Number of protein chains: 2
Amino acid sequence: MNATIYEVADRAGVSISTVSRALRHGGRISESTRTRVREAAEELNYLPNAAAQTLAGSAVRSLGIVLPHVQGTYYAQLAVGFERRASELDHSVVLLLVGPDADARPAVRRLAAQVDGLAFMAKSAADDSLVAEIARRRPTVTVARGQLPGLPAVQAESERAAADLTRHLVEHGRTRFAFVGPIDPGSDIAARYAGFTRALTEAGLEVPPNTDLPLDEDSGRALAHEMVADHLPHDAIVCGNDEVAAAVVYELQELGVDVPRDVAVVGWDDIRLARYLRPGLTTVAQPVAGLGALAAEHLHALLAGEDVVEMTVLPTYLVHRQSCGCDAPRPSPC
Amino acid sequence: MNATIYEVADRAGVSISTVSRALRHGGRISESTRTRVREAAEELNYLPNAAAQTLAGSAVRSLGIVLPHVQGTYYAQLAVGFERRASELDHSVVLLLVGPDADARPAVRRLAAQVDGLAFMAKSAADDSLVAEIARRRPTVTVARGQLPGLPAVQAESERAAADLTRHLVEHGRTRFAFVGPIDPGSDIAARYAGFTRALTEAGLEVPPNTDLPLDEDSGRALAHEMVADHLPHDAIVCGNDEVAAAVVYELQELGVDVPRDVAVVGWDDIRLARYLRPGLTTVAQPVAGLGALAAEHLHALLAGEDVVEMTVLPTYLVHRQSCGCDAPRPSPC
DNA sequence: ACAAGATGCGCAAGCGCTTGCGCACGTCGA
DNA sequence: TCGACGTGCGCAAGCGCTTGCGCATCTTGT
């Protein structure tokens, strides 16, 4: 294991420069030498040391991606989209998951030392000051986490979709709303909450206080129980993601509440299983993998010295199923 | 951006050795010098070049993980489990996703050059010969993909759980079975199919031919339609994962079939949404993140020169919900 | 047959860092 | 007062590789 270029050179009876050239962009090497070198490399299980290659200037670029290690498919899709595009662009990707309570600083710094550019995804993984610190030393983009001055950001349209979604529920005759999700300023969810309140205000409805519940299934279950205990104070629940919405729906049903008749529930993300719930979950589809891919592209451009637009917003769209009160799947927004 | 240790040394008025020592395991440096160096580093936004550090012998170990870039939460959990443990053990993790038709070889080789050890997850990402080739040059473990001679493998118990699951359905009075999933020799799914056939044989029931359908939702939908067209040739469907099972259930219901009365359907993986389906999906829970974590641990041990047991099998357990015919959730296996 | 160019290869510098060794001081015990 | 240590730091080697440059050797045109 771990043969070096010297051993390969020895075995092939050439110099290390020849080995290097033979194994790479192959300029000016005779065919016979090249074969000899290749064979020697093969016999020794030679694998060039990537650190040395990098140091010596050959571009083995790698990109880092940091995200919270929460459950759910959202972050996974982000990572997948990023990796796919990064691979196509010939970058390798280093993955860093950050727990909610862990101190991200040392880990993120180590990552930054290791990669040529980084993408910070979602608010929770690293705070703004950390991101700004890193951005001073490496090309950096943010994804779905609001904008920092001077940094390219990519995110999905949220405010308008949330307003549309809320308006749709208003059109179904709903009047007593609740919103489930933690509202970090600058986050995606905050933008959705803004759209939510705007639509309600425009409809002349009361804007409920922000519940500020975390986005997990326990919240959903708890909310359902609370609602039933309070004799259904709401007739429409806008959830921060589909997992929570699923939990709310399920638990309401268990407690004998009819969804959507008594309470409409909508989610966000359009996870794959949203369509298999009964009622089908009305939700907002986001181009999650697209966000990841775009982040990779921006990093690539940044590394190539190109300028990158500061803010990219990808479109989202409503997916009407039944949990909002629609009878059947509809092909297009009402 | 990208200040070097030389510039820091200049600015602090010391030699590069002092900078290196001051910023690291700080042996034998006066406090005043150390502060001066730190300040200089800070002002220059200095980040040590990881490639150089690696080359010079300081252990910045990184582990690679290669998996198919299929949808679903299974691989995401594997990756998360791996990353968490690897981080704890002070390894960074490089992620490589391989498409089903893409040629994995060059990408995997590049990855191998870049990391100190690799984990291959699931059969589809890289074939045995590739894995064997890489294993000759780097410590390697396989996860949920069967065993290769000489390589540590970790996987979840499959055969027995599949047999238990099948037997459970037999106890519910089911007699006409089908199995959904591609049966690559040596794969997890193959082991499950083996358990499935064993249980049927032991029960004196007919073993259906292997449908060998891919594990996606289209397969599920197609199967449902086919079954209805054929007047329900099966009364129990054992699916290779929960996503397929969800699709089968949904589509059967759409076609007016009662699940589980007319047809029982069970899945595998216990994805989070399995419990929110109606009927709740009976399935097999696997310690997926645990598999990933274990792989990271094994790699860590291998790099430390320790021996690692060749095969580790993690326990799985049945999760009884209603889609098998059970009336209500049960706390423990029947 | 000979200069001019093409071809094949080796030399050596250098990428940014870590670390063993040794030198110059300062401190202490006798 | 002097030798024996301890402390703080610099020197320089070396990690494994890439690549510009230059030197032979071979090919080609005339």
Side-chain angles (χ1 to χ4, degrees), chain A residues 1-38 40-41 44-62 90 92 109-110 112-116 137-138, chain B residues 1-38 40-41 44-62 90 92 109-110 112-116 137-138:
Chain A
M1 243 175 235
N2 286 353
T4 72
I5 199 174
Y6 292 95
E7 303 168 37
V8 176
D10 265 11
R11 185 175 253 263
V14 296
S15 75
I16 62 163
S17 350
T18 302
V19 173
S20 175
R21 280 189 271 254
L23 260 26
R24 298 172 64 72
H25 32 265
R28 313 214 348 192
I29 298 277
S30 73
E31 221 24 74
S32 70
T33 309
R34 185 187 309 285
T35 340
R36 213 144 27 86
V37 169
R38 268 210 249 274
L44 291 169
N45 289 326
Y46 171 68
L47 219 45
N49 177 318
Q53 290 191 121
T54 306
L55 229 210
S58 132
V60 183
R61 326 241 80 166
S62 60
D90 259 327
S92 67
R109 289 210 183 99
R110 277 214 324 249
Q114 210 183 117
V115 300
D116 303 297
R137 353 214 136 176
R138 291 280 189 274
Chain B
M1 245 174 234
N2 285 353
T4 73
I5 199 173
Y6 291 95
E7 304 168 36
V8 176
D10 265 10
R11 185 175 252 262
V14 296
S15 75
I16 62 163
S17 349
T18 301
V19 173
S20 176
R21 281 190 270 252
L23 261 26
R24 298 171 65 72
H25 33 265
R28 312 210 352 187
I29 299 277
S30 74
E31 220 26 72
S32 70
T33 309
R34 185 188 308 286
T35 342
R36 213 144 29 85
V37 169
R38 269 211 248 273
L44 291 169
N45 289 326
Y46 171 68
L47 219 45
N49 178 318
Q53 291 190 122
T54 306
L55 229 209
S58 131
V60 182
R61 328 240 78 166
S62 61
D90 259 326
S92 67
R109 290 211 183 100
R110 278 216 321 251
Q114 211 182 115
V115 299
D116 303 297
R137 356 215 134 175
R138 291 279 189 275

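Only a predicted model underlies this, so the values are computations on that prediction, with no experimental measurement involved. Just so it is clear: chains get the letters A, B, ... in the order the sequence lines come, proteins before strands, and each one is counted from 1.
The side chain of Ser15(B) has dG10(D) as its nearest neighbour among dG10(D), dG10(C), dC17(D). When the nucleotides dC17(C), dC17(D), dC9(D) are ranked by their closest atom to the side chain of Ile29(B), dC9(D) comes out on top. Taking the side chain of Tyr6(A) as heavy atoms from C-beta on, and the options dG16(D), dC17(C), dC9(C), the nearest nucleotide is dG16(D).
Taking atom CG of residue Leu55(B) and atom C1' of nucleotide dC15(C), one finds them 9 Å apart after rounding to whole Å. Rounded to whole Å, atom C1' of dT18(C) lies 7 Å from atom CZ of Arg24(B). Here dG16(C) presents its P atom at 9 Å from CG of Asn2(B), a figure rounded to the nearest Å. Asp10(A) has its CG atom 14 Å from the C1' atom of dG16(D), to the nearest Å. In this entry the distance linking CG of Asn49(B) with P of dG16(C) reads 7 Å, nearest Å. Between the CD atom of Gln114(A) and the P atom of dG16(C) there is a distance of 18 Å, rounded to whole Å. The separation between Ile5(A) atom CD1 and dT19(D) atom C1' is 12 Å, rounded to whole Å. To the nearest angstrom, C1' of dG14(D) lies 16 Å from CD of Gln53(B).
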Discussion item. Working note: Arg110(A) + Asp90(B), criterion side chain to side chain contact (heavy atoms under 4.5 Å, CB included); need CA distance, chi angles, decisive distance, verdict.
Written reply: CA-CA 10 Å; Arg110(A) 277 214 324 249; Asp90(B) 259 326; 2.9 Å; yes
Practice prompt. Take Arg11(B) and Val37(B), measure what side chain to side chain contact (heavy atoms under 4.5 Å, CB included) needs, and give me the verdict at the end.
Written response: CA-CA 8 Å; Arg11(B) 185 175 252 262; Val37(B) 169; over 6 Å; no
Item to complete: Take Arg138(A) and Leu47(B) through the side chain to side chain contact (heavy atoms under 4.5 Å, CB included) test and state the conclusion after the steps.
Response: CA-CA 9 Å; Arg138(A) 291 280 189 274; Leu47(B) 219 45; 3.9 Å; yes
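Neither OP1 nor OP2 of dC15(D) sits under 4.0 Å from any side-chain N or O of Thr4(A). Residue Ser30(B) has no polar side-chain atom (N or O) positioned under 4.0 Å from OP1 or OP2 of dT7(D). For the pair Tyr46(B) and dC17(C), the criterion of a side-chain N or O lying under 4.0 Å from OP1 or OP2 is met. Residue Thr54(A) has no polar side-chain atom (N or O) positioned under 4.0 Å from OP1 or OP2 of dC17(D).
At a threshold of 4.0 angstrom between heavy atoms, the contacts of Ser20(B) include nucleobase atoms, whether or not backbone atoms are also involved. Residue Val14(B) is classed as a sugar-phosphate contact, given heavy-atom separations below 4.0 Å to backbone atoms only.
With hydrogens and angles left out, the side-chain atoms of Gln114(B) and Ser92(A) include a donor and acceptor closer than 3.5 Å. Checked by atom type, the side-chain pair Thr18(B)/Ser15(B) shows a donor-acceptor distance below 3.5 Å.
Minimum interatomic distance between Val19(A) and Ala9(A) (heavy atoms only, all atoms of both residues): CG2-CA, 3.5 Å.
The base of dC11(C) sits with one of its N or O atoms less than 3.5 Å from a complementary donor or acceptor on the side chain of Ser17(A). With hydrogens and angles left out, the side chain of Arg21(A) and the base of dG8(C) share no donor-acceptor pair within 3.5 Å. The base of dG8(D) does not come close enough to the side chain of Arg36(B) for any donor and acceptor atom to sit less than 3.5 Å apart.
Sequence order on DNA chain C of the closest nucleotides to Ile16(A) and Leu47(B) puts Ile16(A) first from the 5' end.
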